[in-house]
K.L.:
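My questions all concern the structure below.
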Amino acid sequence: MRSLDEFAGEKLKALDQAQLRRAPVVTARAGIWVERDGRRLLSFSCNDYLNLSQHPDVIAAALDATARYGVGAGASRLVTGNHPLYTGLEARLARLKGSEAACVFGSGYLANTGIIPALVGADDLILVDELSHACIHAGAKLSGAAIQLYRHADMVHAEQLLGAHRARKKRALIATDGVFSMDGDLAPLDALAQLAQRFDAWLLADDAHGLGVVGGGRGSSFANGNAGVEVPLQMGTLSKAVGAYGGYLCASRTVVELMQTRARTYIYSTGLPPGVIAAATAALNVIEREPAYAAEPLRKARLFARALNLPEAQSAIVPVIVGDTDAALQASELLRDEGFLVVAIRPPTVPADTARLRFAFTAQHPDADIERLAAIVRMRVLRN
Ligand SMILES: Cc1ncc(COP(=O)(O)O)c(C=O)c1O
C-alpha cells in the first residue's frame, strides 16, 4: 500500500532529522563480551547483572527441561500451558519476596500491562512516578483510570495529587519503579507506603532492576533491611539479574487468584517455555545461595561512580547525563573505539535534553576495566 509506506517513510525521516531514529544492531553476547559489526567489545549495556544467563547451573536446567518437555508451552496457562515447573518458580519468588503467593507472566511488560488494568478502571485513580518504565505508563493507559503523574520521587507532589483527587475516586493505585531503569536511583518506597496507607491506595513497585542486586538480592523493598517495606504488589522481571525471561507479581493469594482469572496478558498469552521456567528457578537458587555474589554489581557501580565524583550508586545502573542527543551518540562511539559498548539512551526513553550514557555493572566486570572506563569518561566525555 503506497499510503502506508509513505506514512512510515515520513515518520522515519522526521526521526532521522531529530537524530532520534533507533534500529536494532546485531549483537552476539558471550558473558560480559559482545560482538558487534565485527568488533569485540566489553559491554556495559546488559542487564544480566549477575551474568546468570551464562551460569552453568542455569544453562543445564534450561537444557534438561527443554530435552524433557520440548521448547514451546503449547497454550496459555489457563488452557494447557501451566507446566508443573511453574509451581516451583512461583514458590521460590514468593519466598524471596516474603509474599503469600506469586504469579508469573510472559514478560515484565506483559505483567504491568496485565496487573494494572485488572486492579483499576474508569472510576479509579492511578498515581505514577513520571520516570517509571514505559510498561507502567502503558498499563495505566490501558486501565482507563484517571492518571496523575507526580514529579520524580517527589513525595510532596504525590501527596498534593492524592489530596486533590483521591476522594472523588473509588480505588487508587500508586505505581513506581523500585529501581529507576534509566537513572539507577531507588524509589522512596517507605514514604510511598505511608502515603498509600494514609490515602487508602495500593502500592505497586516494579523491581525489574532491584531483584538480585539490592537488598541482599531480595530487591528494592528490602534495601533498608530484611523487614522490608510493606509493598502489597511486588512486580518484577526474570529477564535481568535472573538472566532468563518472564515477569512476576508477588502478592497475597487472593490478588494472585484475581490475576489468574482477570489479567488479560496472563490469560490470553502463551505460557513460558519450560526451559525458561527451569532456568529462572535455577537462577533464583543461585541468588538465594550466594548473597556475597549478588552484592558485586552494586560494589562495581559504586567504584565507577566514585571515580567520576558522581553521587553514590544505589543500584547497578549509573547514568552519565550528556544532555544533547548528538553528544550522547558521539560519546558512545568514542567509548566503542576504546573497546567498550555503552549504548546512548535518547528521548523518548528519557526526557528531552537528558540523553545519556547508561552504564550497567555486572558481577563479573573486572575492576581494572571499570577504572580504565571511568578514566576515559572523566577525561574525554566529562572533560574534567
Ligand atoms: C523497570 C522495568 N520494568 C519492566 C521492564 C520490562 O521487563 P521485560 O523486559 O521482562 O518485559 C523493564 C525492562 O525491560 C524495566 O526496566
Side-chain angles (χ1 to χ4, degrees), residues 27-35 43 46-97 99 101-111 207-213 216-219 234-250 256 259-260 265-267 269-297 362-364:
T27 307
R29 291 178 60 237
I32 53 177
W33 293 93
V34 297
E35 201 175 309
S43 172
C46 300
N47 299 318
D48 192 6
Y49 300 119
L50 297 173
N51 316 97
L52 292 181
S53 76
Q54 322 275 322
H55 192 288
D57 290 1
V58 177
I59 294 172
L63 289 174
D64 181 54
T66 307
R68 273 173 206 256
Y69 307 116
V71 178
S76 70
R77 292 192 63 180
L78 287 185
V79 183
T80 56
N82 193 35
H83 199 280
L85 287 168
Y86 271 120
T87 312
L89 175 58
E90 288 172 341
R92 262 281 172 288
L93 283 164
R95 190 168 85 203
L96 194 71
K97 291 290 186 176
S99 66
C103 66
V104 168
F105 291 75
S107 72
Y109 200 105
L110 287 173
D207 210 25
H209 299 274
L211 177 67
V213 175
R218 296 182 73 192
Q234 300 188 70
M235 175 272 162
T237 170
L238 304 168
S239 65
K240 304 197 193 290
V242 177
Y245 201 68
Y248 66 84
L249 175 67
C250 290
V256 164
M259 292 305 141
Q260 292 167 336
T265 55
Y266 179 97
I267 301 165
S269 187
T270 300
L272 284 172
V276 169
I277 308 173
T281 311
L284 288 169
N285 287 343
V286 177
I287 293 171
E288 263 189 336
R289 211 169 55 219
E290 299 183 35
Y293 183 66
E296 281 295 281
T362 77
Q364 288 176 16

K.L.:
Apply side chain to side chain contact (heavy atoms under 4.5 Å, CB included) to L249 and V104, showing your working.
P.N.:
CA-CA 7 Å; L249 175 67; V104 168; over 6 Å; no

K.L.:
For M235 and A111, work out which heavy atoms get closest and say how close.
P.N.:
CE-CB, 3.9 Å

K.L.:
Please report the interatomic distance CG(N47) to NE2(H209), rounded to the nearest 0.5 Å.
P.N.:
5.5 Å

K.L.:
So, does Y293 use its side chain to make a donor-acceptor pair with the main chain of L50 at under 3.5 Å?
P.N.:
yes

K.L.:
Do C103 and Y248 have side chains that get closer than 4.5 Å, going by heavy atoms?
P.N.:
no

K.L.:
Look up atom CZ in R29 and atom OG in S43, then write down how far apart they are to the nearest 0.5 Å.
P.N.:
7.0 Å

K.L.:
How long is the straight-line distance from CZ of R92 back to OG1 of T87, given to the nearest 0.5 Å?
P.N.:
13.0 Å

K.L.:
Give a yes or no on whether the backbone of K97 and the side-chain of Q234 come within a donor-acceptor separation of less than 3.5 Å.
P.N.:
yes

K.L.:
Please report the interatomic distance CG(N51) to OG1(T362), rounded to the nearest 0.5 Å.
P.N.:
3.5 Å

K.L.:
Rounded to the nearest 0.5 Å, what's the gap from CG on L93 to CG on L211? Could you check?
P.N.:
7.5 Å

K.L.:
So which of L96, V58, L52 actually passes side-chain contact (heavy atoms from CB on, under 4.5 Å) with L284?
P.N.:
L96

K.L.:
Could you list the residues that satisfy salt bridge (Lys or Arg N to Asp or Glu O under 4.0 Å) with E90, not counting sequence neighbours?
P.N.:
R77

K.L.:
May I ask you to decide if A282's main-chain N or O and D57's side chain share a donor-acceptor pair within less than 3.5 Å?
P.N.:
no

K.L.:
Nearest 0.5 Å please: distance from the CZ atom of R218 over to the CD1 atom of I287.
P.N.:
12.5 Å

K.L.:
Look only at the side chain of Y86 and the backbone of L272, and say whether a donor-acceptor pair between them is shorter than 3.5 Å.
P.N.:
yes

K.L.:
With K240, which residues qualify under salt bridge (Lys or Arg N to Asp or Glu O under 4.0 Å), at least two apart?
P.N.:
none

K.L.:
Ion pair present between R95 and E288, side-chain N to carboxylate O less than 4.0 angstrom?
P.N.:
yes

